[in-house]
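Take a look at the structure below.
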Amino acid sequence: MNQILQAENLNKRFGAVVAAADINISVSSGEIVAIIGANGAGKTTFVNMVTGYLKPSSGTVRFMGEDITGRTPRQVCRSGLSRSFQVAQLFPDLTVLENMMVAAAALRLSAASFFRPLDRQASRQAALELLDNFDIADFSEVPASILSQGARKLLDISMALISSPSMLLLDEPTSGVAVDEKFPLMETVMKGIRQAGATVMFIEHDMEIVSHYASRVIAFYEGGIIADGDVKSVLADERVRKYIVGQVQQSAIAEASND
């Protein structure tokens, strides 16, 4: 498989605080990579540096062989690397379809104009297909403000995919979702991403979700990487068990591994 994303010696400091230290990660096309770690471990800092929301103090980010270090989020997205957020970034007063139209318009290189409406036939068709892939097409004319938490997550991810990215980064896709809804939600998420043909990397605290969906796990601790490999070996790593997984989720991981 070809390498699609390379982070080389990434560092991020906020004054005396080291948020990321010597991060080296390569992701190949088609991988499903989970990032795990306690709050403050550096997971979101890494994603923010890769997607342009934070500028690294040092280091390089390459995507599809091109240096994208220091580019703005919109420039990164236009290069084919998109993301969703832990808290869905929506326009609550707009309908689901209108949110998709705004996301599509934000990617255009030309300036907005009264002569170039946001709602174009091609964009509308692409948006409706994505909404259908994520099982929320029936809500296309519904204001985003009245969607359930799960549907809001699905809309946020659909908006991230409107650019047809080669890679998608997800920030805790199941957070805030009821326990009995997390697996149905993640099934829908992964189905939609597969149909879009994107490589995926996701941050997740739920080890059942990680065990079930990831092909590779990268574990962060105190701004650095302490383990990187297949799911079984990383979750069995002594430091990962001590600093990240803990005893509470051990039985859940064992059950998921036996399914």
Side-chain angles (χ1 to χ4, degrees), residues 1-7 25-35 46-47 50-52 61-68 71 73-86 88-89 96-97 99-109 120-140 150-174 183-204 209-210 212-218 230-231:
M1 292 186 290
N2 297 325
Q3 289 185 345
I4 189 171
L5 176 69
Q6 293 173 289
I25 292 174
S26 293
V27 178
S28 297
S29 179
E31 281 194 289
I32 303 174
V33 183
I35 299 178
F46 165 71
V47 170
V50 168
T51 54
V61 179
R62 288 188 173 85
F63 182 70
M64 307 283 284
E66 186 175 358
D67 188 344
I68 62 169
R71 291 187 182 180
R74 185 174 296 185
Q75 290 170 335
V76 171
C77 188
R78 285 173 176 162
S79 73
L81 176 59
S82 192
R83 70 169 294 180
S84 70
F85 295 84
Q86 181 180 355
Q89 305 295 296
V96 167
L97 184 57
N99 270 272
M100 295 289 286
M101 293 295 95
V102 171
L107 296 167
R108 296 174 192 155
L109 295 174
R120 300 180 181 180
Q121 182 58 38
S123 297
R124 172 178 283 262
Q125 184 61 36
L128 288 172
E129 288 178 3
L130 273 171
L131 295 176
D132 186 55
N133 290 346
F134 284 91
D135 298 338
I136 52 173
D138 289 345
F139 303 113
S140 61
R152 290 171 65 86
K153 292 270 190 178
L154 294 173
L155 175 56
D156 188 44
I157 296 170
S158 298
M159 291 169 67
L161 284 170
I162 194 67
S163 61
S164 300
S166 298
M167 184 172 182
L168 180 64
L169 280 68
L170 309 176
D171 194 346
E172 298 191 38
T174 65
F183 277 107
L185 174 71
M186 198 64 180
E187 284 290 335
T188 302
V189 168
M190 297 308 295
K191 180 196 72 172
I193 293 173
R194 283 194 300 270
Q195 290 173 318
T199 299
V200 61
M201 173 183 280
F202 66 97
I203 295 175
E204 186 55 70
I209 294 294
V210 170
H212 194 81
Y213 293 100
S215 59
R216 173 184 168 197
V217 179
I218 301 173
D230 65 86
V231 178

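- For the pair Met100/Ser158, a side-chain contact is recorded, criterion being any heavy-atom separation below 4.5 Å from C-beta on.
- Separation of atoms CG (Leu161) and CD (Gln195) is listed at 10.5 Å; rounding is to 0.5 Å.
- Separation of atoms CD1 (Ile136) and CG (Leu131) is listed at 5.0 Å; rounding is to 0.5 Å.
- For Met190, the CE atom sits in a packed shell: over 12 heavy atoms of surrounding residues, nucleotides or ligands are nearer than 6.0 Å.
- Put simply, the side chain of Phe183 reaches to within 4.5 Å of the side chain of Ile209, judged on heavy atoms.
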Exercise for the section: Might you work through the side-chain contact (heavy atoms from CB on, under 4.5 Å) test for Asp171 and Val47, ending with a clear yes or no? Expected result: CA-CA 8 Å; Asp171 194 346; Val47 170; 5.8 Å; no
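- Considering only heavy atoms from C-beta on, Gln89 stays 4.5 Å or farther from Arg83 through its side chain.
- Looking only at side-chain heavy atoms (C-beta outward), Arg78 and Ser163 stay at 4.5 Å or farther from each other.
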Handout entry: Test log, rule side-chain contact (heavy atoms from CB on, under 4.5 Å), inputs Leu155 and Phe139
Key = CA-CA 10 Å; Leu155 175 56; Phe139 303 113; over 6 Å; no
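- Among all heavy-atom pairs drawn from Phe85 and Lys153, the shortest one is O-NZ, 4.3 Å.
- Formation of a donor-acceptor pair under 3.5 Å by the Lys191 side chain with backbone atoms of Asn133 is found in this model.
- Rounded to the nearest 0.5 angstrom, Ser166 OG and Leu81 CG are separated by 9.0 Å.
- For Ser84, the side-chain contact (heavy atoms from CB on, under 4.5 Å) partners two or more places apart in sequence, or in a different chain, are Asp156, Ile157, Leu170.
- Scanning both residues, Val189 and Phe134, for their nearest heavy atoms gives O-CE2, 3.7 Å.
- Put simply, the side chain of Ser140 never gets that close to the backbone of Leu97: no donor and acceptor are under 3.5 Å apart.
- Distance check: Asp138 CG to Asp132 CG gives 8.5 Å after rounding to the nearest 0.5 Å.
- In this structure the side chain of Leu5 reaches within 4.5 angstrom of the side chain of Val61, judged on heavy atoms.
- Ile32 places a side-chain heavy atom less than 4.5 Å from the side chain of Phe202.
- Residues Ser82 and Leu168 meet the side-chain proximity criterion, which asks for heavy atoms closer than 4.5 Å.
- To the nearest 0.5 Å, the span separating OG on Ser28 from CD on Gln6 amounts to 9.0 Å.
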Practice task
Evaluate side-chain contact (heavy atoms from CB on, under 4.5 Å) for Asp135 paired with Leu154, printing each intermediate quantity in order.
Solution key: CA-CA 8 Å; Asp135 298 338; Leu154 294 173; 5.6 Å; no
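- Under the side-chain contact (heavy atoms from CB on, under 4.5 Å) criterion, Thr199 pairs with Ile4, Val27, Ser29, Met167, not counting sequence neighbours.
- Under the 4.5 Å side-chain criterion, counting only non-hydrogen atoms from C-beta, Arg71 is not in contact with Phe63.
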